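Here the structure is laid out as structure tokens; the discussion comes afterwards.
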There are 4 protein chains.
Amino acid sequence: MLSSIWGKHIKISVFGESHGSCIGVVIDGLPPGIKLDLDKISTEMARRRPGQDIYSTQRKEADRVEIVSGFFNGYTTGSPLCGIIKNTDKRSVDYDDIKEIMRPGHADYTAFVRYNGFADYRGGGHFSGRLTAPVVFAGAVANQYLEQKGITIGTHLLRIGKIQDEPMDPVNITAQQLINFRNMRFPVFSAETAEKMKEEINSARMDCDSVGGILETAILNLPAGLGSPMFDSVESRMAAFVFSIPAVKGIEFGSGFNLASMRGSEANDEFYISEDNGRKIPRTKTNHAGGINGGITNGMPVIFRTCIKPTSTISKPQHTVNIRTMEETEHVFKGRHDPCIAVRAVPVIDAAAALVVMDLFLEHGEQVG
Amino acid sequence: MLSSIWGKHIKISVFGESHGSCIGVVIDGLPPGIKLDLDKISTEMARRRPGQDIYSTQRKEADRVEIVSGFFNGYTTGSPLCGIIKNTDKRSVDYDDIKEIMRPGHADYTAFVRYNGFADYRGGGHFSGRLTAPVVFAGAVANQYLEQKGITIGTHLLRIGKIQDEPMDPVNITAQQLINFRNMRFPVFSAETAEKMKEEINSARMDCDSVGGILETAILNLPAGLGSPMFDSVESRMAAFVFSIPAVKGIEFGSGFNLASMRGSEANDEFYISEDNGRKIPRTKTNHAGGINGGITNGMPVIFRTCIKPTSTISKPQHTVNIRTMEETEHVFKGRHDPCIAVRAVPVIDAAAALVVMDLFLEHGEQVG
Amino acid sequence: MLSSIWGKHIKISVFGESHGSCIGVVIDGLPPGIKLDLDKISTEMARRRPGQDIYSTQRKEADRVEIVSGFFNGYTTGSPLCGIIKNTDKRSVDYDDIKEIMRPGHADYTAFVRYNGFADYRGGGHFSGRLTAPVVFAGAVANQYLEQKGITIGTHLLRIGKIQDEPMDPVNITAQQLINFRNMRFPVFSAETAEKMKEEINSARMDCDSVGGILETAILNLPAGLGSPMFDSVESRMAAFVFSIPAVKGIEFGSGFNLASMRGSEANDEFYISEDNGRKIPRTKTNHAGGINGGITNGMPVIFRTCIKPTSTISKPQHTVNIRTMEETEHVFKGRHDPCIAVRAVPVIDAAAALVVMDLFLEHGEQVG
Amino acid sequence: MLSSIWGKHIKISVFGESHGSCIGVVIDGLPPGIKLDLDKISTEMARRRPGQDIYSTQRKEADRVEIVSGFFNGYTTGSPLCGIIKNTDKRSVDYDDIKEIMRPGHADYTAFVRYNGFADYRGGGHFSGRLTAPVVFAGAVANQYLEQKGITIGTHLLRIGKIQDEPMDPVNITAQQLINFRNMRFPVFSAETAEKMKEEINSARMDCDSVGGILETAILNLPAGLGSPMFDSVESRMAAFVFSIPAVKGIEFGSGFNLASMRGSEANDEFYISEDNGRKIPRTKTNHAGGINGGITNGMPVIFRTCIKPTSTISKPQHTVNIRTMEETEHVFKGRHDPCIAVRAVPVIDAAAALVVMDLFLEHGEQVG
């Protein structure tokens with residue numbers, strides 16, 4: 001159990017269900033004195049908010065966060081900061097059938113077994129993608145901490161279905177490019193690709209179907225020396241968080257799975273001396289390692305890619321079982337959904353990255369104020 | 001810090017350096033009454049042991065484990081079990097140069113920054129792949145616990161460099177196939193592929209180079225209902241451990257990155273009713289999810305693939321920097337190494353999987369004895 | 001940091017400040033299927049509620065808990081259960097002076113240093129005794145779990161100021177006695193003592209002063225075998241929680257500090273064989289150990305005593321310092337307060353004990369439903 | 001389970017049994033660059049070592065620690081530091097009877113239940129006071145870290161049986177007094193009291209009996225601002241560790257249980273302005289709080305008292321049960337033991353305090369080197 005608490009130096013404790021009165025998060029361990037710009041937080045929430053166009057679910061939620069503790073006179077106090085988000089547009093009636101009929105690809109069956117039939121099944125309950133809203137809020141708080149340190153995080157849609165964007169340049173990717181991604185609803189390098197991706201999603205939607213994707217994320221300006229070997233490697237921590245996001249089924253760092261067919265002489269990133277304001281620092285010519293050696297940042301951009309499966313909720317008839325009668329059945333499931341959840345996963349991955357990086361910084365006792 | 005302790009319900013605490021007097025592990029939280037077959041443990045240690053053929057490093061280590069606590073009259077006592085492995089074949093003189101000259105692809109530079117120059121650099125110190133020996137020992141203990149529950153874990157070399165083995169059948173993979181893999185030094189489905197892989201490795205070795213690979217792992221007979229949503233998902237826990245193993249740069253579950261180009265109607269695993277000794281249980285026709293929905297096992301085989309980068313140590317000259325003089329240099333590094341570390345990573349991944357699965361079981365209060 | 005999260009198998013995450021909009025708690029790791037009687041929870045909250053007579057602060061709070069997650073159709077779901085309590089009767093204006101003038105005995109100065117001046121000082125902020133309300137709520141949930149196992153917990157006022165109640169009989173204390181204590185506002189063995197204690201408190205109140213006390217707690221019907229040696233001893237866990245309650249300055253188990261002047265032959269609890277429905281079990285004739293040997297319950301009543309210092313807030317002038325001007329000053333602090341906080345600490349200690357015992361049970365994988 | 005791992009920012013993992021081949025500890029999370037004086041460590045080990053006079057057990061152990069990892073060229077490396085201590089003077093034959101006959105006051109019965117009969121019972125196994133040797137070693141390492149920060153920790157025997165030493169002055173206790181205590185086998189203020197205490201112990205010994213005691217500890221020179229409210233209070237952390245030491249049954253901070261009969265006006269420590277090298281800092285005139293307000297240090301000496309029960313092992317005949325036959329019996333137990341374990345508990349409490357304080361410092365990211 002204890003599945004909904006994360007972190008070492010900051011901890012977030014996420015609560016709520018898709019169709020309960022509200023959802024939220026307690027952030028414990030925040031340093032005192034972080035100045036929070038609430039407008040920036042709203043902007044982050046808006047990036048994930050549903051109901052904004054045909055590429056996302058039609059559920060309409062304001063996703064306004066009420067901060068009820070840990071925040072005083074514009075600054076974090078150092079006490080737990082709790083943010084609460086009301087659920088307003090619930091249609092629980094849509095979910096009466098899934099009480100017994102298990103949706104393929106969803107957690108209905110596994111939750112039924114795990115929680116002995118006591119889980120709140122409506123809209124997926126605590127398993128719902130809606131629970132990423134508090135994560136995005138927590139990430140927005142973390143991001144303001146990181147901005148003060150000059151860290152920039154950004155993600156683009158590397159792939160939607162069959163459509164591929166050009167990959168990031170792992171050595172020369174710029175903060176401005178990442179900031180642009182954060183400001184786009186379809187963060188891709190080329191506008192043309194964006195249009196093709198939209199077509200891909202719309203085509204799935206018209207087929208009562210859904211489609212998957214790959215996200216590529218970069219974290220810029222991290223100092224060398226964050227993280228640890230073994231169980232606290234940057235990869236371990238990042239992967240543990242990222243796999244907590246619904247629909248994620250794979251992650252790779254740097255050149256990732258392509259490293260399997262490479263030779264060491266090709267994969268090793270050779271060092272050279274770079275000068276930064278007269279200060280000599282080692283950097284690498286290439287970045288196959290994704291900015292991490294031995295679990296520790298080396299000062300190059302941290303690069304990772306996340307695979308997002310197609311949304312499990314589709315409107316097509318599917319073969320499945322009724323858990324009460326233990327009979328097979330053919331069913332068309334109702335309920336609003338995103339035809340491609342990968343798009344709305346972008347700010348969630350950014351939030352995950354921000355929280356992990358903040359946790360890495362706090363390990364070294366960084367304090368604000 | 002605290003990088004070398006892992007686990008929730010059992011914890012392992014790994015200690016030692018490549019060129020110290022010994023390495024070892026304390027396993028805390030083991031249930032009392034697990035009967036340990038020491039021969040089986042030796043067999044597991046032998047799978048990872050170096051110096052056995054030209055495909056691995058020439059460092060010769062017996063890797064005999066002395067259990068100094070927590071084991072009494074053939075059974076675990078419930079107190080911490082500590083296993084110690086002597087380091088015998090050290091050649092620290094090989095490593096004098098890396099005190100200052102940073103090996104590309106290695107953690108020399110990041111460890112230098114992280115530990116302010118105090119790390120034991122000889123042979124990579126605590127970052128050495130040698131530290132996977134205690135992990136294999138701990139995994140062997142966990143595996144004996146799991147065998148009593150009918151769980152089988154096995155891994156094969158899906159790819160070495162350009163050579164690909166056939167993938168596992170994610171629905172019908174058998175325990176016998178996995179056991180066969182555990183008994184092979186080159187665990188692949190086809191003997192012909194094994195030969196080609198050996199040639200690939202030998203070719204890299206002759207070029208003073210190294211080569212990477214992909215491992216594919218299956219866990220059979222897990223009951224539905226293990227794991228949790230969000231931060232304690234099976235994927236989160238498995239990934240966190242697997243990324244602690246040196247050279248791992250990617251992990252994917254089920255159909256993994258291929259899910260990006262699939263439609264939901266294709267990716268969703270439809271349920272049907274299976275009968276097992278008269279007991280009806282839901283199973284899925286396909287297994288794109290890799291046996292995990294919403295972070296929780298669904299009773300199908302858990303399948304994941306791990307990418308292993310080519311060994312960073314190569315004998316070719318490489319461009320790098322001297323951290324003391326802050327000058328660039330061309331260097332040929334000495335030291336024995338594996339031309340393809342993916343091969344010896346197989347039992348380490350098996351051990352990681354065993355420890356994670358045991359931890360999942362203990363969450364539910366399973367006790368032996 | 002991370003000071004407000006507690007637990008191993010269940011975790012509680014407490015948030016809020018005395019003068020914020022609300023306070024609350026997230027309980028993570030609750031087993032699914034615990035039936036919750038909300039009236040019983042209200043009864044527990046009422047035990048701690050302020051403003052009910054002259055022996056407690058005049059702040060009036062309904063302390064009604066809104067459960068916003070983790071509870072469905074009358075049962076816990078297994079997902080995090082969040083309970084929220086509104087703050088209604090705030091008089092923040094009373095606290096303007098303590099922004100700079102440090103109240104003796106309070107955390108004003110230490111919080112100022114710890115949080116760099118960013119803490120919410122109003123009414124003590126997150127340090128306020130008001131934060132024990134969510135703890136009592138969480139304890140009430142735990143208590144319903146324990147009642148199903150036949151466990152009873154109760155506490156009486158062993159001492160208030162100079163007035164002493166008779167101690168519990170550590171061997172023969174009964175569940176009914178403990179239940180009686182839970183139903184009394186002044187839980188003592190003798191009504192006469194209660195009157196004297198009230199006089200003691202009233203006398204302190206009339207003097208613009210406060211007074212301390214000692215609570216004695218028993219936990220009945222615990223099976224032998226809960227807890228662990230060393231760092232997870234029952235004493236370690238109980239003490240860690242109990243010292244998180246404001247004003248607690250000491251704890252002792254069994255015969256406690258009196259053991260110092262005893263001989264081993266006197267302090268050792270000799271075993272005998274007891275028969276319980278035909279089942280033979282070892283019990284002890286005496287209970288100097290307070291039901292715990294080697295950190296593990298032995299089946300006898302667990303007995304401990306907690307010392308509660310006099311309320312720090314008093315209405316007398318006190319000598320102190322202004323943290324801004326760094327000058328000494330004489331000050332009379334405003335703000336409502338309890339003349340003897342020990343009385344309202346009783347349900348908080350009961351709640352702490354319930355949470356610790358539930359955590360001990362869950363360690364063994366006990367599950368409801 | 002997991003009983004033998006402690007800590008947040010450093011973690012210690014203790015292993016071994018009284019009659020196994022060795023015992024030891026892994027210290028994870030040590031900052032790199034702490035210079036270790038091995039002679040000082042030996043001196044600490046000698047303070048706890050058995051067999052030195054008639055006031056302690058006659059078991060002879062060199063208690064030499066072999067550091068096998070995490071230490072390189074005289075400094076900690078930042079990797080786990082493992083220290084191993086051989087068991088040399090074992091007489092396991094003494095313990096054949098306790099396999100079945102439960103010693104009163106000991107953990108024989110509770111360990112039997114807890115570990116289903118699989119625990120190593122010889123000499124108490126993992127429950128043995130011998131396991132405090134690795135704790136003293138870890139504390140000695142922590143102490144060298146603290147000495148560099150000017151922190152001094154010391155403990156005296158406040159009481160042995162009926163004999164009482166004078167208490168520390170909680171405001172004016174000096175570092176020199178504490179250092180003197182560390183250099184004495186019978187750390188008391190008055191030599192005369194020491195003689196009386198020895199007589200008290202010897203008298204118990206001659207009676208085949210044992211006697212208890214109270215230790216009083218001070219920690220000097222802590223800055224204000226260490227610790228946290230609620231579950232991470234200094235009291236919570238210190239108590240949790242101290243109760244892990246065998247035979248401890250009570251702890252109190254500052255004026256402790258005496259606060260129960262005090263008034264707030266008496267118990268509150270009034271602040272004044274002190275000047276330290278021209279720097280003004282608030283201090284308190286009295287120290288009833290034991291240097292801790294709201295769980296956080298206030299810069300005054302941290303003072304606590306620990307109650308140690310009389311050694312459970314005595315040579316008198318005792319009434320008890322045979323766990324196999326479930327019959328009552330009268331038994332005289334063999335085995336060497338301390339007539340007053342409080343004396344040898346002194347360096348263990350010092351070690352506990354050092355580890356807790358180091359953990360508090362590391363929370364703020366203090367780093368050496």
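Numbered from 1 within each chain, the chains take letters A, B, ... in sequence-line order. Just so it is clear, the model here is predicted, and its values are computed rather than measured.
If you measure heavy-atom distances from D/V68 to chain B, the contacts under 4.5 Å come from both the backbone and the side chain. Residue contact with chain B, scored on non-hydrogen atoms closer than 4.5 Å, involves the side chain of D/Y75 exclusively. The contact between D/I84 and chain B is made entirely by side chain atoms (from C-beta outward), counting heavy-atom distances below 4.5 Å.
Ranked by heavy-atom pairs under 4.5 Å with chain B, the list D/G125, D/A119, D/G20 is led by D/A119. Options D/S69, D/S79, D/S21 differ in how many heavy-atom pairs under 4.5 Å they form with chain B, and the most are formed by D/S69.
Taking the six-membered ring where the residue is Trp, the centroids of D/Y121 and D/F112 are separated by 6.0 Å or more.
Side chains of B/D120 and B/H126 form no contact here, defined as non-hydrogen atoms less than 4.5 Å apart. Counting heavy atoms from C-beta outward, B/T132 and B/P246 have side chains that approach closer than 4.5 Å.
Checked against B/D63 for a salt bridge (charged side-chain N to carboxylate O under 4.0 Å, His left out), the options B/R49, B/K86, B/R48 give a single hit: B/R48.
Checked by atom type and distance alone, the side chain of B/T76 pairs as donor or acceptor with a backbone atom of B/I34 at under 3.5 Å.
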